[in-house]
2 protein chains.
Amino acid sequence: MELTDRAQFLLKALIERYIDEGQPVGSRALAREAGLNLSPATIRNVMADLEEMGLVASPHTSAGRVPTVKGYRLFIDSLLTVKPLERELIQDLWDDFESLEDPQELLETTSQLLARLTRMVGLVTLPRRQQISFQHIEFLPLSQGRILVILVTDDQEVHNRIIRPDKPFTPSQLQQAANYLNAHLQGRRLTELRAALIDELKAAGERASGEMMSVMEMAQGMFGAESMDEDFVLSGQVNLMGFSELSDHQRLRMLFEAFEEKRDLIHLLDQCIGAEGVQIYIGEESGYGPFEPCSLVTRAYEVDDRVLGVLGVIGPTRMHYDKIIPLVDITGKLLSCALNQKLSSPE
Amino acid sequence: MELTDRAQFLLKALIERYIDEGQPVGSRALAREAGLNLSPATIRNVMADLEEMGLVASPHTSAGRVPTVKGYRLFIDSLLTVKPLERELIQDLWDDFESLEDPQELLETTSQLLARLTRMVGLVTLPRRQQISFQHIEFLPLSQGRILVILVTDDQEVHNRIIRPDKPFTPSQLQQAANYLNAHLQGRRLTELRAALIDELKAAGERASGEMMSVMEMAQGMFGAESMDEDFVLSGQVNLMGFSELSDHQRLRMLFEAFEEKRDLIHLLDQCIGAEGVQIYIGEESGYGPFEPCSLVTRAYEVDDRVLGVLGVIGPTRMHYDKIIPLVDITGKLLSCALNQKLSSPE
DNA sequence: CGTTAGCACTCTATTACCATGAGTGCTAAA
DNA sequence: TTTAGCACTCATGGTAATAGAGTGCTAACG
């Protein structure tokens with residue numbers, strides 16, 4: 001069965017109404033709302049068709065209709081008319097972005113902005129290790145043979161780590177090692193750092209002193225895979241408590257647990273990273289239980305044409321896609337710009 | 001009216017039972033439980049006395065009794081018999097603490113441990129600025145005249161900040177400035193850093209070059225009050241969703257909002273910082289609305305006999321104080337030890 | 001005088017029941 | 001193809017009845 005224009009129009013009207021009101025939409029209301037001069041009975045016929053196609057459903061016999069995931073999908077893919085954002089808002093966003101120097105802070109603020117503007121949950125993943133490169137390293141001796149390693153990556157992010165090597169090093173040894181690493185590894189991807197270091201050492205061959213070697217071994221250790229996990233920043237979790245569809249205690253709890261757990265959500269976000277433009281998971285489409293009553297709207301952000309991560313919002317499936325989608329889109333673009341601007345042109 | 005021994009004993013039994021079961025305790029149940037060979041009628045008489053003294057209350061005429069805040073207070077202050085922790089658990093905790101190098105990570109782990117062990121919310125405040133001292137500073141030039149400032153404090157914490165000074169500086173100028181600051185300001189409290197810097201500059205007098213002056217001005221800016229706010233780490237917020245007394249959506253929401261807001265909670269924690277040993281706020285005692293259904297159990301942690309911050313747990317007023325109190329106490333001690341161990345004996 | 005049994009009373013929680021109203025599907029007429 | 005009419009379904013909200021838990025009070029008991 002194919003979908004007539006009228007049916008599409010009515011589906012659109014129904015979903016818009018449902019998004020506004022949050023309650024099953026009946027035939028009479030829809031007849032009034034839609035503007036086509038049709039009687040409720042006619043609408044009912046169309047609704048029966050839509051239901052047969054799995055685009056709408058009714059919670060029980062004597063309630064109106066509610067969009068299904070499939071219905072939302074069609075709505076978003078081909079029926080939706082997005083509302084462009086006001087210039088003013090974009091400017092405000094940009095001002096916020098520009099005023100922040102620290103990239104970490106920038107990501108956090110972005111997440112908070114998304115949460116505040118949508119009144120849902122905002123989220124921004126931290127830059128992926130595969131995409132960022134070594135820029136600068138510094139060793140700072142601490143007490144008791146412990147060493148503070150400061151690693152600056154090319155997204156201007158600063159990573160600190162304290163290590164405790166097996167044997168002590170003198171400040172000058174450390175300085176030497178840092179110089180060596182800075183000279184030879186700049187621009188290498190973090191993920192290949194370890195291998196690169198080994199190569200370098202081999203190439204340097206016997207010339208490197210034994211001491212030097214052991215400093216290198218130490219440095220090598222800290223590039224290990226476990227050192228920086230993938231992670232993300234969440235904001236505005238409380239906002240979800242305002243939605244009636246999430247008033248179920250059990251559901252809400254599972255959702256919050258999923259946020260705290262992080263692992264599954266990271267996995268889900270990883271899938272979004274490849275997509276062009278705004279990516280949307282509606283309800284169960286995410287394939288992840290706790291998110292069933294929610295939708296996820298994401299978009300990648302990039303620097304220098306490398307996709308560093310994704311950002312987006314999580315909210316109830318019944319959300320104002322017409323506003324959320326452009327907002328996420330713009331925010332992604334602005335964040336990319338802001339990061340680009342801070343990008344170092346080496347030396 | 002004074003409180004007889006028997007009345008105290010019964011109050012204790014009542015509260016213990018209430019903490020276990022979570023429901024108003026009736027006279028019959030208490031008569032059975034308490035082990036004194038008394039009839040329910042007698043118990044009722046005692047209960048009437050306790051009620052008159054404001055130690056217990058009944059939700060309605062035909063329900064049992066429930067402890068009031070005043071009742072809990074008496075219970076905790078003079079009736080409670082705490083359960084000592086198992087050696088094994090303490091050892092486990094200590095192993096966790098010892099294996100972590102990074103202080104920031106240490107605090108986060110502590111918070112998570114508290115949350116996991118109590119199945120409530122764990123919290124650890126970050127070290128107070130008043131109590132930590134300058135140890136080392138480093139300037140790293142980035143692109144576009146931006147400078148990465150790395151500040152190491154004497155609690156071995158590392159603070160990063162990116163600043164963009166009005167005019168550019170050469171690497172050697174920065175090096176010079178760092179040397180100067182490291183030489184002259186070591187050991188000064190963070191809060192007095194700004195003033196100290198001005199003093200130093202005055203003392204150095206005209207001898208300092210104009211360039212030097214402006215580097216200093218820049219450095220000065222970054223010690224400003226706003227740079228590092230007081231903050232804390234919360235863990236296990238979801239745990240609160242398991243408690244029936246917090247099943248009220250509205251209450252829970254206010255509580256979560258309070259966590260996200262941070263400000264008021266910080267203020268409350270500040271008050272705990274002075275107290276000796278374990279400090280407890282029961283329900284409304286905190287004087288802070290959203291926390292009314294909760295209790296807060298805290299304890300300071302210190303390094304070198306300086307109180308750096310507090311840690312503790314938040315949970316429903318009906319909690320197992322006999323286990324929670326010693327746990328918080330031990331955790332505070334262990335954290336203090338762990339931090340002390342990592343403390344630097346300068347150079 | 002402290003303790004206890006007995007009893008009337010209060011209040012909650014649960015269940016059943018009914019009326020209401022929104023919305024449907026179907027049928028037959030326009 | 002559209003629409004009016006109608007019987008039907010089901011969630012919702014209110015009322016009444018019932019059961020049960022626990023109390024306070026009084027009077028008897030040791």
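First the proteins, then the strands, lettered A, B, ... as listed; each starts at 1.
- Here B:S39 reaches the OP1 or OP2 of C:dT4: one of its side-chain N or O atoms lies under 4.0 Å away.
- As rounded to whole Å, 12 Å separates atom C1' of C:dA13 from atom CD of B:Q23.
- Taking atom CD1 of B:I43 as the reference point, atom C1' of C:dT4 lies 12 Å away to the nearest angstrom.
- Counted within 6.0 Å of CZ on A:R119, heavy atoms from surrounding residues, nucleotides or ligands total 12 or fewer; the atom is thus considered open.
- Summarising the geometry, atom CG belonging to A:L36 is positioned 5.0 Å from atom CZ belonging to A:F9; distances are rounded to the nearest 0.5 Å.
- Rounded to whole angstrom, the span from the CG atom of A:N45 across to the P atom of C:dG23 amounts to 17 Å.
- Of the N and O atoms on the side chains of A:S295 and A:Y321, at least one donor lies less than 3.5 Å from an acceptor on the other residue.
- Between A:R73 and A:E285 there is a salt bridge, since at least one side-chain N of the basic residue sits less than 4.0 Å from a carboxylate O of the acidic one.
- Residues that satisfy the side-chain hydrogen bond (donor to acceptor under 3.5 Å, both in side chains) test with A:D20, not counting sequence neighbours, are A:H320.
- Per the geometry, CZ belonging to B:R6 stands 8 Å off C1' belonging to C:dG2, to the nearest Å.
- Nucleotides of DNA chain D lying under 4.0 Å from heavy atoms of chain A occupy a range whose first and last members, 5' to 3', are D:dT2 to D:dA11.
- Heavy atoms of B:A41 sit under 4.0 angstrom from at least one base atom.
- Across all strands shown, A:T42 has heavy atoms under 4.0 Å from base atoms, whether or not it also approaches the sugar-phosphate.
- Residue B:N37 contributes atom CG, which lies 15 Å from atom C1' of C:dG2 at whole-angstrom precision.
- Under the 30°/60° scheme for interplanar angles, the aromatic rings of B:H249 and A:H249 are found to stand perpendicular.
- A straight line from CZ of A:R32 to P of C:dG23 spans 9 Å, rounded to a whole angstrom.
- Put simply, the side chain of A:T42 never gets that close to the backbone of A:L38: no donor and acceptor are under 3.5 Å apart.
- Looking at B:T61, its side chain has no donor and acceptor atom pair within 3.5 Å of the base of C:dC11.
- Mapping A:S27 and B:R44 onto DNA chain C by nearest heavy atom places B:R44 closer to the 5' end of the strand.
- Atom pair A:R28:CZ and C:dA22:P shows a separation of 7 Å (rounding to whole Å applied).
- Nearest-nucleotide positions on DNA chain C place B:P40 closer to the 5' end than the other of B:P40 and B:P59.
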